[in-house]
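Just so we're on the same page: letters track the sequence lines, and every chain starts at 1.
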Amino acid sequence: MNRVLVREIPQYIGNEVLLKGWVHQLRRLGKINFLLLRDRSGIVQTVILDPTIDLSKIDQESVVAIWGIPKKEAQAPGGIEVEVKRIELIEQAQSPLPFEVNRPLELLNIKLDTILDHRAFALRHPKINAIFKIEAELVHAFREFLRKEDFLEIHTSKIISQGTEGGTNLFPIQYFETQAYLAQSPQFYKQMMVGAGYERVFEVGFVYRAEDHATSRHINEYLSLDFEMGFIDSEKDIIDLEIRLLRYIFESIKKNCANELKLYEVDLPTIEFIPQIQFKEAREILKKYYRKELLTSDDLDPEAERLLCDYAQKEFNSEFIFVTNYPISARPFYTMPYDETYSRGFDLLYRGMEVTTGSQRIHNYQLLVNNMAKFGLNPQDFEFYLEIFRYGMPPHGGLAIGAERLTQQILGLKNIREASLFPRDRYRLVP
RNA sequence: GGGCUCGUGGUGUAGCCUGGUCUAACACGUCGCCCUGUCACGGCGAAGAUCGCCAGUUCAAAUCUGGUCGAGCCCGCCA
């Protein structure tokens with residue numbers, strides 16, 4: 001007999017099915033017992049009326065096979081339940097469990113640390129499980145949209161000899177007899193692939209930041225959603241594409257993850273218009289509406305990001321806001337200047353947090369080399385990157401989206417670690 | 001790198017300020033018995049923690065002090 005998934009049960013009303021899964025909950029009332037069975041597709045109530053069926057070894061979270069007949073039953077959750085004919089214990093779960101996974105998370109109030117210490121087990125909780133279905137859909141939609149836009153998916157090395165910005169935040173690794181580093185960004189390689197003639201490329205991959213921070217929005221290994229495209233007129237082309245990309249991602253999640261969104265009581269907005277303000281305007285807005293002076297003259301602090309999103313919400317009814325034309329001093333050397341002071345670099349803020357950084361890049365070889373010198377970098381160390389710029393580089397630009405951050409903000413998670421299966425931070429290397 | 005907060009059964013908390021009556025409480029879970037419609041099932045009973053670790057103060061430490069290890073948040077920096 002072939003296994004039937006929980007979500008397929010409605011097709012089998014009146015016919016015996018074989019179900020396999022985990023015992024989500026067992027409610028023993030005496031002569032009638034209810035067993036909630038969970039598989040990858042959902043949870044179904046089964047009812048045990050036959051007193052000869054032995055439930056003594058059937059503990060919560062045990063793996064079982066159940067033969068039974070699906071029936072319409074008004075009293076059952078969802079209107080359908082399976083009357084059990086036979087139950088077989090496949091693998092018993094030890095007791096006690098690390099914590100409960102069959103009650104609302106809000107009632108359990110489990111510490112994040114406990115969840116992460118028991119990560120695989122914790123994912124059995126439907127609400128925790130849902131996070132990674134959303135994230136998978138997000139990444140899938142990112143790929144699907146860009147492929148439709150004629151982008152090529154690339155996979156570049158995460159083992160590098162030089163950092164993008166000079167080498168401060170890099171994790172050193174021993175690479176045979178030489179020193180190497182874990183990549184903090186696919187930046188150089190994706191630009192090189194534009195120059196290689198692919199024009200439009202994207203990459204989904206982990207990147208590594210050896211920053212000694214401990215906050216709810218930083219992890220040391222995160223999934224970077226990158227794209228880079230050639231023959232643009234300005235960074236506005238990148239921004240326009242990102243708006244369409246986000247619209248596509250949000251619509252995909254809404255369409256394919258309705259149940260998961262419901263668990264978090266999230267109602268994703270339809271993205272129509274995203275306001276764009278220049279950095280210097282942002283500074284004025286902060287001063288005028290919030291009486292806030294930026295402590296650093298060339299970047300936004302977290303409070304400023306929250307305030308600007310508040311402004312976007314009130315003025316434009318948007319949860320997103322682009323901050324454009326950041327000061328040159330706040331941006332890496334490859335960022336295209338806008339004028340003497342400002343660059344063609346931008347950030348996207350979403351619900352108070354930075355989720356994207358992008359820019360038009362410098363495509364002129366001489367300008368790029370001169371800029372490296374200004375930033376105190378030695379062009380000879382970056383010859384591998386610079387070469388293609390000598391042989392005809394089109395105007396280009398791109399951006400990177402932090403996948404965990406976007407997921408965190410979509411679901412309103414308190415800590416980015418919740419959106420990473422196996423987060424790596426200053427103190428966590430296991431599991 | 002700077003600042004603040006927290007470590008008590010499997011899970012989450014109370015107790016700590018104002019040491020003794022803490023032989024450590026409560027909720028959920030676990031185990032046993034009862035229950036034919038539960039769905040945060042219900043009822044009765046039971047087990048389970050030397051209060052992160054080390055030292056000190058004291059007649060007496062979960063409680064005070066110092067150290068140590070672990071955790072969380074904010075800032076800098078960033079996605």
Side-chain angles (χ1 to χ4, degrees), chain A residues 24-36 43-51 56 59-61 73-79 81 83 93-118 121-122 125 164-165 168-169 184-187 205-226 295-296 298-306 326 330-332 347-350 353-358 399-409 414-417 419-420 425-428:
Chain A
H24 190 65
Q25 194 163 70
L26 185 56
R27 283 193 273 267
R28 306 188 62 172
L29 310 193
K31 297 283 191 315
I32 185 169
N33 302 291
F34 298 98
L35 185 157
L36 301 189
I43 297 171
V44 68
Q45 172 164 294
T46 71
V47 58
I48 298 118
L49 294 159
D50 181 349
S56 62
D59 293 321
Q60 253 175 57
E61 293 306 314
E73 171 55 66
Q75 296 175 89
E81 72 182 6
E83 190 184 332
Q94 273 181 26
S95 164
L97 302 170
F99 45 83
E100 295 139 79
V101 291
N102 58 7
R103 314 180 83 231
L105 256 192
E106 297 70 25
L107 296 176
L108 295 174
N109 194 224
I110 313 165
K111 287 181 194 158
L112 179 57
D113 205 37
T114 308
I115 290 173
L116 295 178
D117 282 343
H118 305 276
F121 179 80
H125 190 108
T164 325
E165 264 100 315
T168 48
N169 301 325
Q184 62 184 173
S185 154
Q187 184 61 35
F206 275 135
V207 295
Y208 300 86
R209 303 278 165 99
E211 286 150 2
D212 203 359
H213 40 213
T215 78
S216 56
R217 62 184 188 286
H218 289 97
I219 41 181
N220 293 294
E221 177 184 57
Y222 71 87
L223 193 64
S224 187
L225 308 178
D226 274 87
L295 293 174
T296 53
D298 64 358
D299 211 351
L300 302 174
D301 58 41
E303 190 195 12
E305 292 176 357
R306 288 189 286 270
Y326 268 69
R331 293 287 157 153
D347 277 0
L348 175 66
L349 310 181
Y350 173 44
M353 181 149 67
E354 179 183 335
V355 293
T356 290
T357 290
L399 56 75
I401 299 170
E404 294 89 348
R405 277 198 179 176
L406 190 54
T407 306
Q408 179 187 3
Q409 294 308 83
K414 286 198 177 72
N415 194 308
I416 192 168
R417 277 156 255 229
S420 176
D425 65 31
R426 185 68 184 78
Y427 301 103
R428 182 177 286 278

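For G32(B) and G48(B), the C1' atoms lie 15 Å apart once the distance is rounded to whole Å. Using C1' as the reference atom, U5(B) and C78(B) are 24 Å apart when rounded to the nearest Å. Comparing the C1' positions of C35(B) and C44(B) gives an interatomic distance of 12 Å, to the nearest angstrom. Taking atom P on both nucleotides, U23(B) is separated from G37(B) by 45 Å, rounded to a whole Å. Distance noted for atom C1' between C73(B) and C28(B): 27 Å (whole Å). Going from the C1' atom of G15(B) to that of G7(B) covers 15 Å, rounded to whole Å. Nucleotides U8(B) and A71(B), compared at atom C1', are 15 Å apart to the nearest Å. With both ends at atom C1', the span from U13(B) to A24(B) equals 14 Å, rounded to whole Å.
Contact check, Arg217(A) against C75(B): a side-chain N or O comes under 4.0 Å of OP1 or OP2. Taking side-chain N and O atoms only, Gln75(A) has no distance below 4.0 Å to OP1 or OP2 of C39(B). Arg27(A) has a side-chain polar atom (N or O) that falls below the 4.0 Å cut-off from OP1 or OP2 of C41(B). Of the side-chain N and O atoms in Arg417(A), one or more sit less than 4.0 angstrom from OP1 or OP2 of C73(B). Contact annotation: Ser224(A) side-chain N/O to A79(B) OP1/OP2 distance is not under 4.0 Å. OP1 or OP2 of A27(B) has not a single side-chain nitrogen or oxygen of Arg103(A) nearer than 4.0 Å. Neither OP1 nor OP2 of G72(B) sits under 4.0 Å from any side-chain N or O of Ser216(A). The side chain of Gln184(A) places no N or O atom within less than 4.0 Å of a non-bridging phosphate oxygen (OP1 or OP2) of A79(B). Between G12(B) and Thr114(A), a contact under 4.0 Å exists linking OP1 or OP2 to a side-chain N or O.
Across all strands shown, G45(B) forms a Watson-Crick or G-U wobble pair with C31(B), both key distances being under 3.5 Å. With a cut-off of 3.5 Å on both Watson-Crick or G-U wobble distances, the partner of C4(B) is given as G72(B). With a cut-off of 3.5 Å on both pairing distances, the Watson-Crick or G-U wobble partner of A25(B) is U13(B).
Annotation: the span from Asp347(A) atom CG to Arg331(A) atom CZ amounts to 4.5 Å, rounded to 0.5 Å.
Across the protein-nucleic acid pair, Asn109(A) atom CG and A27(B) atom C1' stand 12 Å apart, rounded to whole Å. Rounded to whole angstrom, the span from the CG atom of Asn33(A) across to the C1' atom of C41(B) amounts to 12 Å. With rounding to whole Å, Glu303(A) atom CD is found 14 Å from C77(B) atom P. Rounding to whole angstrom units, CD of residue Glu211(A) and C1' of G2(B) are separated by 16 Å. In this structure, CG of Asp117(A) is placed 10 Å from C1' of A71(B), rounded to the nearest angstrom. As rounded to whole Å, 9 Å separates atom C1' of G76(B) from atom NE2 of His218(A). Going from atom CG of Leu406(A) over to atom C1' of A79(B) covers 10 Å, rounded to whole Å. The CG-P distance, from Leu26(A) to G29(B), rounds to 13 Å in whole Å.
The residue Leu29(A) sits close to a base: some heavy atom pair falls under 4.0 Å. Glu404(A) comes within 4.0 angstrom of nothing in the nucleic acid, heavy atoms only. Residue contacts for Ile416(A): at a heavy-atom cut-off of 4.0 Å it reaches a base atom on one of the strands shown. At the heavy-atom level, Gln25(A) lies under 4.0 Å from the strands shown only through sugar-phosphate atoms. Residue Gln94(A) is out of contact with every strand shown, counting any heavy-atom pair closer than 4.0 Å. Using a 4.0 Å heavy-atom distance criterion, Asp347(A) is classed as making no nucleic acid contact. Nucleic acid contact class of Ala76(A) (heavy atoms, under 4.0 Å, all strands): base. If you check every strand for non-hydrogen atoms under 4.0 Å, Arg306(A) touches sugar and phosphate atoms only. Contacts of Ile219(A) with the nucleic acid, taken as non-hydrogen atoms under 4.0 Å apart, include base atoms. Looking at heavy-atom distances under 4.0 Å, Pro77(A) makes contact with a base. Across all strands, Leu107(A) comes closer than 4.0 Å to base atoms (heavy-atom distances).
Taking the side chain of Lys111(A) as heavy atoms from C-beta on, and the options C78(B), G12(B), C74(B), the nearest nucleotide is G12(B). Nearest to the side-chain atoms of Thr215(A) among the listed nucleotides G76(B), C31(B), A40(B) stands G76(B). Side-chain atoms of Gln45(A) lie closest to U38(B) of the nucleotides C35(B), G10(B), U38(B). Of the listed nucleotides (C39(B), C73(B), U8(B)), C73(B) has the atom at the smallest distance from the side chain of Asn415(A).
Between Lys414(A) and Leu112(A) there is no side-chain heavy-atom pair separated by less than 4.5 Å.
Residues Asp117(A) and Arg428(A) are paired through a salt bridge, judged by an N-O separation under 4.0 Å between the basic side chain and the carboxylate.
Side-chain atoms of Arg405(A) come within donor-acceptor range of the base of C78(B), with a qualifying N/O pair under 3.5 Å.
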If you apply the rule side chain to side chain contact (heavy atoms under 4.5 Å, CB included), what do you find for Val207(A) with Gln184(A), and how did you get there? CA-CA 5 Å; Val207(A) 295; Gln184(A) 62 184 173; 5.6 Å; no
Quick one: do Ile48(A) and Arg28(A) satisfy side chain to side chain contact (heavy atoms under 4.5 Å, CB included)? Show the steps, please. CA-CA 9 Å; Ile48(A) 298 118; Arg28(A) 306 188 62 172; over 6 Å; no
Taking it one step at a time, do Arg417(A) and Gln408(A) satisfy side chain to side chain contact (heavy atoms under 4.5 Å, CB included)? CA-CA 9 Å; Arg417(A) 277 156 255 229; Gln408(A) 179 187 3; over 6 Å; no
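Where Leu108(A) and Leu116(A) each meet RNA chain B at their nearest nucleotide, the meeting point lying more 5' is that of Leu108(A). Mapping Ile401(A) and Gly30(A) onto RNA chain B by nearest heavy atom places Gly30(A) at the nucleotide closer to the 5' end.
Stacking between Phe99(A) and the base of G29(B) is absent under the criterion of ring centres within 5.5 Å and planes under 30 degrees.
One side chain, Tyr222(A) or Arg209(A), offers a donor N or O that lies under 3.5 Å from an acceptor on the other.
Judged purely by atom type and a 3.5 angstrom limit, Arg405(A) uses its side chain to pair as donor or acceptor with the backbone of Glu354(A). Not one N or O on the side chain of Glu100(A) forms a donor-acceptor pair closer than 3.5 Å with the backbone of Asn102(A).
Taking all atoms of both residues into account, the shortest heavy-atom contact from Gln45(A) to Glu81(A) is NE2-OE1, 3.0 Å.
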